[in-house]
2 protein chains.
Amino acid sequence: MAAIDRSLVRALPMFEKLSDAELDRMLARATLRRVPIGQAVFEQGQKATQFFLLLHGRLKVTQVTADGQQIIVRVVHPGDIFGFAKALMRDDYPGTPTAAAESLVLCWPTEVWGLFVEQNPHLAVNAMQTIGQRLQEAHTRIREMATEEVERRVAHAVLRLIDQAGRKEGEGIRIDFPISRQDIAEMTGTTLHTVSRILSAWEAKGLVEGGRQKLLVRDAAGLATLAEGES
Amino acid sequence: MAAIDRSLVRALPMFEKLSDAELDRMLARATLRRVPIGQAVFEQGQKATQFFLLLHGRLKVTQVTADGQQIIVRVVHPGDIFGFAKALMRDDYPGTPTAAAESLVLCWPTEVWGLFVEQNPHLAVNAMQTIGQRLQEAHTRIREMATEEVERRVAHAVLRLIDQAGRKEGEGIRIDFPISRQDIAEMTGTTLHTVSRILSAWEAKGLVEGGRQKLLVRDAAGLATLAEGES
DNA sequence: CAACCTGCTTGCGCGAGCGCAAAGACACTG
DNA sequence: CAGTGTCTTTGCGCTCGCGCAAGCAGGTTG
């Protein structure tokens with residue numbers, strides 16, 4: 001197996017406190033994996049044998065309910081770690097991360113997590129913080145789902161996406177990976193139909209510009225107003 | 001300040017790996033606080049200066065939205081730690097824990113968290129696991145809110161409550177702290193009216209028995225069937 | 001270039017559950 | 001024990017958004 005170059009991960013805040021030597025030692029235990037669009041890194045319910053770091057691309061983490069309904073729990077962005085179920089004392093993965101765009105992933109066997117943390121407590125602190133943020137985010141979503149009507153939820157979801165994955169593009173901000181109406185529906189707890197209607201309405205108002213698996217936000221401020229619900 | 005007796009916390013899984021000496025050292029830094037019913041341990045948005053362990057009683061953690069709506073994020077049970085925002089690198093508390101029953105709380109200044117973790121890495125592992133479980137639970141709730149209709153959500157919430165705070169009582173299982181229809185509504189993202197109607201219907205079917213701030217589940221299995229949604 | 005597939009749009013009707021409103025029940029206070 | 005405040009029940013109308021169904025567009029394949 002070829003050694004993985006430090007430069008791939010050097011810039012990540014996760015590792016900024018590590019020395020080059022420590023980093024190399026970590027990378028020596030890792031494998032690199034390409035995940036083509038539409039493919040899953042692992043499946044919900046599978047035994048957790050590895051944990052991961054997304055280097056490039058984008059993953060949607062889904063969960064399916066007993067009756068086959070699907071929801072998107074979160075989106076994994078480059079630099080995020082994911083699938084560290086073992087650190088949380090689970091032994092199976094709770095969701096399925098699927099590549100929304102061609103992705104590149106670093107994989108470590110779960111056993112090394114303990115070693116890494118021992119050698120470098122910073123990593124544990126960092127991981128803890130990461131989970132904390134996710135918990136926060138989850139609570140925010142719960143609150144939104146409990147109190148807000150669909151249009152505002154969709155607005156919030158879109159704003160979150162342009163915040164996490166926005167790329168400036170001429171007249172506005174583009175969501176930088178392929179995302180369908182169905183996806184947005186699964187993030188906001190509604191149906192593809194309703195999302196389509198809402199986006200059409202927004203397009204008529206000049207707030208956004210749609211397209212097949214594409215979304216361009218022309219007026220983020222306007223959307224934010226909508227999200228805050230001044231009817 | 002009087003020393004706090006080890007026996008109060010010895011039995012908690014959180015501390016089972018600690019020696020008596022270590023435990024005493026921790027307790028030496030703690031203060032004990034009684035929280036009367038209806039009172040908050042701290043307020044949402046307040047600077048995080050302490051973290052806590054619930055010894056006795058029951059707390060409901062609420063968040064309020066910008067427009068004044070309230071939701072219950074979770075319930076804190078005896079033995080749970082809470083308010084360790086600093087460990088998650090926040091410096092304010094994200095919610096308000098209010099005593100649903102007369103409660104007893106151990107309080108530590110946030111600074112000692114680092115010390116404790118250094119001395120006893122087990123604590124960090126434990127904390128991580130705790131947050132992991134909460135994240136899991138949060139995702140479960142998101143999934144429920146996104147895919148299930150109100151009656152099933154309420155069923156799930158009640159089942160969770162009897163699981164976490166159920167006490168066997170003659171004909172069924174009682175929820176062991178005062179809980180109102182309003183509370184259940186705020187846990188499931190609906191209104192007090194709808195909850196009341198649902199519980200009335202269940203009572204007619206012999207599934208539960210209601211009362212002012214009380215709930216007794218007579219047929220947990222029946223409720224579970226309902227929650228799984230075999231209409 | 002035609003055929004096809006997948007994702008998007010739109011119309012229509014219906015039903016769950018919310019909002020409002022009013023009244024009843026229970027517990028605590030003086 | 002009457003009075004008061006909080007919690008709960010129940011009725012009624014209305015609206016949001018879902019479900020179904022049909023048609024459309026754009027990109028990909030033979």
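These numbers come from a predicted model, not from an experiment. In the text below, chain A, chain B and the rest are named by the order of the sequence lines, each starting its count at 1.
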For this session: Indicate yes or no: at least one non-hydrogen side-chain atom of Leu88(B) is less than 4.5 angstrom from one of Lys86(B).
Result: no
Interatomic distance, [X] [atom1] vs [N] [atom2] [rounded to whole Å]:
| X | N | atom1 | atom2 | result |
| --- | --- | --- | --- | --- |
| Glu151(A) | dT15(D) | CD | P | 17 Å |
| Glu203(B) | dT10(D) | CD | C1' | 14 Å |
| Gln182(A) | dC8(C) | CD | P | 9 Å |
| Glu148(B) | dA16(C) | CD | P | 16 Å |
| Leu199(A) | dA25(D) | CG | C1' | 17 Å |
| Arg153(A) | dC16(D) | CZ | P | 14 Å |
| Glu149(A) | dT15(D) | CD | C1' | 12 Å |
| Ile198(B) | dT10(D) | CD1 | C1' | 14 Å |

Exercise. Do Glu186(A) and Gln182(A) have side-chain N/O donor and acceptor atoms under 3.5 Å apart?
Worked result: yes
Is the phosphate of [N] approached by [X] (side-chain N or O, under 4.0 Å from OP1 or OP2)?
| X | N | result |
| --- | --- | --- |
| Thr190(A) | dC18(D) | yes |
| Arg181(B) | dT8(D) | yes |
| Thr191(A) | dC18(D) | yes |
| Ser196(B) | dT10(D) | no |
| Thr194(B) | dC18(C) | yes |

For this session: Give the ring-plane orientation class for Phe51(A) versus Trp108(A), where under 30° counts as parallel, over 60° as perpendicular and anything between as tilted.
Result: parallel
Exercise. What class does the angle between the rings of Tyr93(B) and Phe42(B) fall in, given that below 30° is parallel, 30 to 60° is tilted and above 60° is perpendicular?
Worked result: parallel
Exercise. Knowing that exactly one of His156(B), Arg153(B), Arg143(B) qualifies, which makes a side-chain hydrogen bond (donor to acceptor under 3.5 Å, both in side chains) with Glu148(B)?
Worked result: His156(B)
Problem set entry | Shortest non-hydrogen separation from Asp80(A) to Leu53(A) and the atoms involved | O-CD1, 3.4 Å
Problem set entry | Any donor-acceptor N/O pair under 3.5 Å between dG19(C) base and Arg197(B) side chain | yes
Exercise. So does His193(A) reach the base of dT10(C) with its side chain, donor to acceptor, closer than 3.5 Å?
Worked result: yes
Exercise. Does the pair Asp183(B)/Arg181(B) count as a salt bridge with the N-to-O cut at 4.0 Å?
Worked result: no
What are the atom names and distances for every N/O pair under 3.5 Å that joins the protein to nucleotides 23-30 of chain C?
residue : atom : partner   : partner atom : Å
dC26(C) : O2   : Arg212(B) : NH1          : 3.4

